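Values reported hereafter were calculated over all heavy atoms of this structure, with side chains retained and with hydrogens, waters and symmetry mates removed. In this text, all values refer to a predicted model and were calculated from it rather than measured experimentally. Lettering of chains follows the sequences in order, A, B, ..., and the numbering in each one begins at 1.
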Amino acid sequence: MKKVVEGSHAVSEAVRLARVDVISAYPITPQTHIVELLSEYCSDGTLNARFLRVESEHSAMAALIGAASAGVRTFTATSSQGLALMHELLHWAAGARLPIVMAEVNRALAPGWNIWTEQTDSLAQRDTGWIQLYCEDAQEALDTTLQAFRLAETVHLPVMVVLDAFFLSHTYEPVDIPEPEEADRFLPPFQPAFCLDTENPAAFNQLAPPNAYMEMRRSMQDAMESALDVLDAIEDDYERLFGRRYGAVEAVHCDDADIILVTSGTITSTSRLVLRQLREKGEKVGLVKMKAFRPFPFEALRIHTAHAKKLAVIDRNFSFGAGGIFAQEIRSALCNLARRPLVFGYVAGLGGRDVTTDVIEDIYWRTKTSAHPEAESIWIGLHQPAPAA
Amino acid sequence: MELNVLDRDYMCSGHVGCPGCGAAIAMRFLLKALGEKTMMVIPACCWSIIAGPYPQSTLKVPVLHTAFETGGAVASGLRAALDTKGDTETTVVTWAGDGGTFDIGFQALSGAVERNEDFIYVCYDNEAYMNTGVQRSSSTPYGAWTTTTPGQEWKRLRKKNIVEALVAHRIPYAATASIAFPEDLVRKVQKAKSIKGSRFLHIYASCPTGWRIPSEMSIKIARMAVQTNIFPLYEVENGVRYTINYMPKGYLVREYFKLQGRFKHLTDDDLEQIQEMVNEDWELLLRKAGVAMSAAGTVA
Ligand SMILES: Cc1ncc(C[n+]2csc(CCOP(=O)(O)OP(=O)(O)O)c2C)c(N)n1
Ligand SMILES: [Mg+2]
């Protein structure tokens, strides 16, 4: 059924459809609407789950680690400071191979306090062993959340469904919400491969000496490597049932493109418009949308971009002392190819600054007219030139 | 009293605790009292090691090892999951050290018991961060040497009264227990098991390695801590009903202090001052329990 819902609530609806057993969360803008609706669903019986109103995000993740270890389906949502507070436990959840699903609404980190969108919070967690999927609109947020449970439960890794603050989380869009029976057909009840059991007592997450630890880490990487194929198969099923699929990477007009814009999140939607306008003017431009960041979609990225002359990567995030994070990883994914495009790294829209069609067009023309990137990272839309060091 | 519970054993020999480890003795009694329908949540502490490396386990019940500060929260989630599975029989127990309870895990513990989560939280108290090599915690008593309170920097701050902090949350049951009083310990564990909601047990667990005592003195020193009023045995129901379980005979604290290397720098004056503090704490407890002072063997 199509309904006009807020982006946050598209996620909540997916969690309802997933028949989650335990939810644990702590308020933080701009995530709060997701769990507020779930809290209502739990109290009015729409969703038969336990909702733990814990005293911090740290405890929200810890509680889910406890719950998932008993083999039930779990969910939480957070943003920014909350995600940073969870950091130690993100490693824990992944290392314990728990299929926890978390919605993460991208918000800039303080100081100064800033509740607006930026991806540095989630990207700073890239080495924790969580799968990260970036969404473009409310429909994708719903679909991805539902898929995330199957993905997590198949590969035994936690999944972060990532969405932009406000531009996505607080924007109302028409969303096709599956009926519960349809969702059940896609997502069967969770059958844990292992869980705490008094009939079969075992120790979980115990001391792992050097002779055991490395194999455990390798098996996490094996799971990550399988995740893209698994996601593909899950999307096959999803498409059959609901008629929608996204792909770990989406390529638009890349076949004959000289310059390819590479985006993630809601900047992608704006870029689609710019792409259409530039194409109408005869520009040979393409667009790659990065949905999966972990696992990193090396193959798909190479296939879609290797023949282009230049990539213009737009990063709404930054790693101080290095550069935009997508740009860094894209450079390293391409560096061993005999024929590869020049990678221009653009940093735009930090702290929720608007990335308009004008900004994206500007990025395109700068890329086209420059023989080489003028800097490691090119900051777009600064009010004044940065003061000399 | 049912004493044959002590014949059951859910802890294997061959664990890697130090000789005389009070925490190992405490765990043994705890599980005897609880039985096999028990799940243990163990945040970082000496017991993370004692419980054995992959792929072995010292305990014959499920163990969920977890991060240092998460004992209260992980148990909350585990309990919630068992509830959704319809398992009301299994007792969820968090087993944490004093550092994991008094310090880094205090927020999660306070949050969990404020929500009256249905689990037993046990703090085995060896009065310092022992796993990392004897650093002070807020449970380290006044007068003690640790590696972070060395030489003349010995700890000149009182031990946090963790039971009173928990009692202030008005939880259904809070009690102290000691490895030197196993019947009392087992009774309290069984009582805790029979109650619903948040239950807190504070178990005194001597540490020969960290306290600089011979391993064979472990139980004796634990007994003296009770007999001197340093670690009184009592229980509190619903945050208000105090019962003192052992009326001491009036031993002087100096007898307890002089046996332990961690206190060897203390002068007679220091010991007198400590005696006064212990008296003061004991009198406060008596008032809460409504016991007349004269009946209670306070040391002059
Ligand atoms: C966040 C974090 N900080 C520090 C540590 C290191 N650490 C592990 S156990 C421990 C001390 C534990 O002390 P306590 O809770 O009293 O238990 P004990 O070792 O005395 O049995 C410390 C500091 C850790 N594991 N995690
Ligand atoms: Mg300790």
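- Interface remark: A:Arg53 contributes backbone atoms only to the contact with chain B (heavy atom separation under 4.5 Å).
- In this structure, the portion of B:Asp83 lying under 4.5 Å from any heavy atom of chain A is its side chain and not its backbone.
- Using a 4.5 Å cut-off between heavy atoms, A:Asp197 touches chain B through its backbone atoms (N, CA, C, O) alone.
- The 12-atom threshold is exceeded at CD of A:Glu179, counting heavy atoms of other residues, nucleotides or ligands nearer than 6.0 Å.
- Heavy-atom pairs under 4.5 Å with chain A peak, among B:Ala80, B:Ser76, B:Ser57, at B:Ala80.
- A:Gln206 contributes atom CD, which lies 10.5 Å from atom CD1 of B:Ile42 (distance to the nearest 0.5 angstrom).
- For B:Thr58, no part lies near chain A; criterion is any non-hydrogen pair under 4.5 Å.
- Scanning both residues, B:Gln107 and A:Ser56, for their nearest heavy atoms gives NE2-CB, 3.2 Å.
- Contact of A:Met216 with chain B is made through the side chain alone, with heavy-atom distances under 4.5 Å.
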List the steps, then state whether side chain to side chain contact (heavy atoms under 4.5 Å, CB included) holds for A:Leu196 with B:Leu78. CA-CA 9 Å; A:Leu196 294 170; B:Leu78 176 54; 3.8 Å; yes
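- Interface remark: A:Glu88 contributes side-chain atoms only to the contact with chain B (heavy atom separation under 4.5 Å).
- A 4.5 Å side-chain heavy-atom check between B:Thr66 and A:Asn205 finds every atom pair outside the cut-off.
- When B:Lys60, B:Met40, B:His65, B:Gln56 are compared by the number of non-hydrogen pairs under 4.5 Å with chain A, B:His65 comes out ahead.
- Using a 4.5 Å cut-off between heavy atoms, A:Val22 contacts chain B through its side chain alone, with no backbone atom that close.
- Two residues are said to be in side-chain contact when any heavy atoms from C-beta on lie closer than 4.5 Å; A:Leu52 and B:Glu117 meet this criterion.
- Dense packing is recorded around CG of B:Asn116, with more than 12 heavy atoms of other residues, nucleotides or ligands lying under 6.0 Å away.
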Checking side chain to side chain contact (heavy atoms under 4.5 Å, CB included) for the pair A:His58/B:Glu69: CA distance, chi angles, key distance, verdict? CA-CA 9 Å; A:His58 196 280; B:Glu69 62 290 342; 2.9 Å; yes
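- B:Glu36 contributes atom CD, which lies 7.5 Å from atom OG1 of A:Thr198 (distance to the nearest 0.5 angstrom).
- For a residue to count as touching a neighbouring chain, one of its non-hydrogen atoms must lie under 4.5 Å from one of that chain's; by this rule B:Val41 does not touch chain A.
- The contact between B:Lys85 and chain A is made entirely by side chain atoms (from C-beta outward), counting heavy-atom distances below 4.5 Å.
- Of all the heavy atoms in A:Ala70 and B:Leu82, the pair that sits closest is CB-CD2, 4.3 Å.
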Kindly indicate, with the supporting measurements, whether the criterion side chain to side chain contact (heavy atoms under 4.5 Å, CB included) is fulfilled by B:Met39 and A:Ser69. CA-CA 11 Å; B:Met39 290 186 183; A:Ser69 301; over 6 Å; no
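- Considering all non-hydrogen atoms of both residues, B:Ser48 and A:Leu207 come closest at O-CB, 4.3 Å.
- Minimum heavy-atom separation, A:Leu89 to B:Ala67: CD2-CB, 3.6 Å.
- Closest approach of A:Ala67 to B:Ala81, counting heavy atoms only: O-CB, 3.5 Å.
- In this structure, the portion of B:Thr84 lying under 4.5 Å from any heavy atom of chain A is its side chain and not its backbone.
- Other residues, nucleotides and ligands place no more than 12 heavy atoms under 6.0 Å from the OH atom of A:Tyr213.
- Here the SG-CG distance, from A:Cys195 to B:Leu64, works out to 11.5 Å after rounding to the nearest 0.5 Å.
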